[in-house]
Structure formats: structure tokens, C-alpha cells
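One structure is given here, and the rest of the page talks about it.
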Amino acid sequence: MVKTPKVSIIIPAYNAGKFLHILLDSLNKQTINNFQTIIVDDGSTDDTCSLVKKLSSSLAYPIQLIQQENRGVSAARNAGLEQAEGEFVIFIDSDDYVAPTFIEKLINRQSETAANFIYCGFNREGKNGKTALPTQFIEGNILLQRINRELLFHAGGALINKAFLINNNIKFNTQLRLGEDLLFVYTILSKCNAYAVPEYLYYQTYQESSVMNSNWSLSNYEHNATAMAFIAGKINVLSERLPLKEKNDVSVLLKRSALSSKIKLIWFLLSKKQFSSTLSKLNEGFFDDADDALLTLNRKDLKKYRIINTKNITIWRLYFFFKKKK
């Protein structure tokens, strides 16, 4: 009789041939083996599929490989979720890896708390080394702290009750190519308490070519601004369960994130000397809903906002002229 897996590990993979073996090897070293591994190849053009088939015979656990046309990371994760047999799911990025006790400690904490969402700390790799996050572990209703970035954890370092996702119709939004993981996590945290394994068991690697680390195009900035506004609207509706003050605080922080992304977009346009198109956007009311969030902006964003809001092309030209000369 085949034993039903306790956990389904879902790994979206696109052109992951150079690094996927590191993650698979880390899963091979897990201290428990009652888990299912689903790799969703999202239309890779490299040797991702052949690598998975080659390695599968040497691993101590079975791999289910799903192949689909390139539809994006959200669609790949959702496809994996549909095939998940475990009571719990974990979504791990193909270029990351985990500690040997990763699954066991998440499961043990879930057994202690009966929680729908368990997270652990992660090691974030950057150009200048690794940073262990979060600096403090918080449990309970953590939505506000997560939005305010007081509490940072990686979505891949979380154990989630699959029935909870299904019953609440929570999936990754396939219309978002940026911020999809934020919306997913915020939605979960708006509906349940979270508990933690206060250890750094997830390792996020640095990839120069990733969307977040590469130079953004105008399209990225535009999509990010749209995504942050969309997320703010969705989570504002879902945060009704919160006490009034906390709900208002969440709303202000979400508006700040949306405003910050708009500032980034306009600043990009100004840096490219697209002054006329910038002025048109501003005159069309691009920042009309900014008032509530202005007081929460950091100093850098507030300075940019004030320069932008002069709506004066001469000032813009002079600012970027002298900035370039520094």
C-alpha cells in the first residue's frame, strides 16, 4: 500500500538546469522522507527536464515531473498545487535550497500548534554576502508586521495547510508577474494566524539574471505600480476581520507600498528624460490618492515625491543634470 505523503514540495522551474540539482540534493538530505516532490517545468528551453529525469534515479524520493508551455511562475505553482497529495504544501524556488531539518521542524511546529501557516527564517544571499532574516520571530496575527517589513520571511520557507488553501480558494494570481508571492502570503495572513520555527532553514540564492536583481525596464516599473495598487485593493477588502485601528494601519501601509511603486515608475521616466510623458501622467491625476500615505513615506521617497510634484520640467532637468555630475 502506497503511503500518502505528509507534505508536497512544489517547485516551479524555468531554465533551471544550472542550479536545480542543488535544491534536489538538499531535499535528498532531509531528516524525514514522507514527502512528495512535484517539479513543474514551465516551458524551459534548456536541459531542465533531462536533468530531472537523469537525477531522479539517484534520489531517495520520487519526483513527479509536470511539463507545460511557458505560462509563468504563478501558473506553474498552481499546476503543482492541483497535483499535490500531501496534507501540507511548500512552494520552493528552483534556485534555492533548504537545511536537512527543514521539513521535519516545520511539521513538528505544525503538530504543536495545529496552525494553517508555519514559517521559518531564511538566509538571503546578496552581492555582499548573506543576511539572516527575520531579525525577530513573531507569531499570531502578523499581517501588519509583514506589510510593514518588520517581519521578513521567504514564501518558500513556509508550510501551508492544503485544505485551508482550497477551502478559501487561495491560489497564485496568474495576472501578476511581480508581487504574486506578496498577494499570496498577505491573503493567507489576512485569514489565519501564523506560527514560527525560529531557525534559519531556508537559503535564498542570488541570481544576477532574476527579475528582482536585473535592471528593470519601463514595463517592469509599470507592472509593479499596477500590481501594488491591485494588491492594496484586494487586501483592504480581506482585512475586514481585523480590529478597526489595525485595519486602518494595514490600509495606510498598503497605500504606502502602492505610492512608493508609483514614485519608482515616475522617477524612472524622469531619469530617462521623458519629461513630457511624466507631466501628462501627473496632470491626469497619477498621485491623486497619495494623501493618506505621504506621512508614512521614507525620507528618500518623500524627497523624490516633492521633486516630482513640482511638475516643473526645468527643475527636473537641473536636478538630473547636477545628479549626473556628482
Side-chain angles (χ1 to χ4, degrees), residues 6-10 32 35 74 77-78 81 84 86-93 98-99 101-124 132-173 179-202 204 231-257:
K6 185 75 171 177
V7 181
S8 293
I9 307 292
I10 299 169
I32 63 170
F35 63 90
S74 291
R77 287 168 176 159
N78 290 340
L81 180 60
E87 182 181 355
F88 302 96
V89 293
I90 302 174
F91 299 92
I92 303 181
D93 290 345
V98 294
T101 56
F102 172 70
I103 299 175
E104 181 179 12
K105 290 189 173 182
L106 288 172
I107 285 293
N108 287 345
R109 186 63 177 140
Q110 196 285 326
S111 297
E112 294 168 359
T113 61
N116 289 314
F117 188 86
I118 305 286
Y119 73 93
C120 69
F122 75 107
N123 296 278
R124 182 168 63 190
L133 294 167
T135 54
Q136 61 174 332
F137 292 87
I138 306 171
E139 295 186 325
N141 177 9
I142 63 171
L143 177 62
L144 183 63
Q145 289 91 341
R146 179 62 189 86
I147 294 173
N148 201 31
R149 299 179 65 83
E150 298 169 40
L151 173 62
L152 293 176
F153 56 83
H154 196 287
L159 178 84
I160 311 167
N161 186 321
K162 186 182 70 176
F164 169 79
L165 293 179
I166 293 171
N167 292 339
N168 287 280
N169 194 29
I170 301 174
K171 294 182 179 181
F172 287 90
N173 189 302
E180 75 288 335
D181 51 344
L182 284 181
L183 178 58
F184 182 74
V185 169
Y186 290 175
T187 301
I188 291 171
L189 297 181
S190 73
K191 293 178 177 292
C192 75
N193 290 335
Y195 292 84
V197 174
E199 297 182 47
Y200 302 95
L201 305 175
Y202 189 93
Q204 179 188 27
I231 291 170
K234 284 286 185 182
I235 302 305
N236 272 329
V237 172
L238 293 173
S239 62
E240 291 293 334
R241 78 180 185 96
L242 301 177
L244 181 60
K245 182 182 183 309
E246 191 169 346
K247 179 189 170 193
N248 290 338
D249 289 343
V250 164
S251 178
V252 170
L253 291 174
L254 290 169
K255 286 181 179 180
R256 181 185 69 184
S257 295

Exercise: identify the closest heavy-atom pair between Phe137 and Ala196: CD2-CB, 4.0 Å
Check: Gly86 main-chain N/O paired with Ser8 side-chain donor or acceptor under 3.5 Å: yes
Rounded distance (nearest 0.5 Å) linking atom CD1 of Ile92 with atom NE2 of His154: 10.0 Å
Residue list, salt bridge (Lys or Arg N to Asp or Glu O under 4.0 Å) with Lys6, at least two apart or on another chain: Glu87
Single hit among Phe184, Tyr186, Phe153 for ring pair (Phe, Tyr, Trp, His ring centres under 6.0 Å) with Phe117: Phe153
Pairwise distance CG(Leu151) to CD1(Ile142) - rounded to 0.5 angstrom: 5.0 Å
CG on Leu238 to CG on Leu183, rounded to 0.5 Å: 8.5 Å
Shortest non-hydrogen contact from Asn123 toward Ala132: OD1-CB, 4.0 Å
Gap separating the CG atom of Asn141 from the OG atom of Ser190, nearest 0.5 angstrom: 9.5 Å
Distance-minimising heavy-atom pair for Val185 and Ala155: CG2-CB, 3.9 Å
Qualifying residues under salt bridge (Lys or Arg N to Asp or Glu O under 4.0 Å), relative to Lys171, sequence neighbours excluded: none
Those residues that, when tested against Tyr195, pass ring-ring contact (aromatic ring centres under 6.0 Å, His included) (two or more places apart): none
Candidates Asn116, Leu81, Asn167 - the one meeting side chain to side chain contact (heavy atoms under 4.5 Å, CB included) with Lys162: Leu81
Leu143 side, atom CG; Ile188 side, atom CD1 - distance, nearest 0.5 Å: 11.5 Å
By side-chain hydrogen bond (donor to acceptor under 3.5 Å, both in side chains) - contacts of Glu104 (at least two apart): Thr31
Nearest atoms (heavy-atom pairs only) where Ile90 meets Gly156: CG2-O, 3.3 Å
Any residue meeting side chain to side chain contact (heavy atoms under 4.5 Å, CB included) with Gln110, in chain and number order, not counting sequence neighbours: Phe88, Ile118, Leu159
Partners passing side chain to side chain contact (heavy atoms under 4.5 Å, CB included) against Asn168 (at least two apart in sequence or in another chain): Phe164, Ile170, Lys191
4.5 Å side-chain heavy-atom contact, Ser74 and Asn173: no
Test salt bridge (Lys or Arg N to Asp or Glu O under 4.0 Å) applied to Glu139 - qualifying residues, sequence neighbours left out: Arg109
Side chain to side chain contact (heavy atoms under 4.5 Å, CB included) assessment of Leu253 paired with Arg256: CA-CA 5 Å; Leu253 291 174; Arg256 181 185 69 184; 3.7 Å; yes
Contacts of Asn248 that satisfy side-chain hydrogen bond (donor to acceptor under 3.5 Å, both in side chains) - sequence neighbours left out: none
Minimal non-hydrogen separation, Pro134 against Gly121, with atom names: CD-CA, 3.8 Å
For Glu150, side chain to side chain contact (heavy atoms under 4.5 Å, CB included) partners two or more places apart: Gln145, Asn148
Residues forming a side-chain hydrogen bond (donor to acceptor under 3.5 Å, both in side chains) with Ser251, sequence neighbours excluded: Asn236
From OH (Tyr119) to CG (Leu189), nearest 0.5 Å: 9.5 Å
Pairing residues for Lys234 by the side-chain hydrogen bond (donor to acceptor under 3.5 Å, both in side chains) criterion, not counting sequence neighbours: none
Shortest non-hydrogen separation from Gly179 to Ile231 and the atoms involved: O-CD1, 3.4 Å
For Glu180, all residues meeting salt bridge (Lys or Arg N to Asp or Glu O under 4.0 Å), sequence neighbours excluded: Arg77
Test log, rule side chain to side chain contact (heavy atoms under 4.5 Å, CB included), inputs Tyr202 and Phe102: CA-CA 7 Å; Tyr202 189 93; Phe102 172 70; 4.2 Å; yes
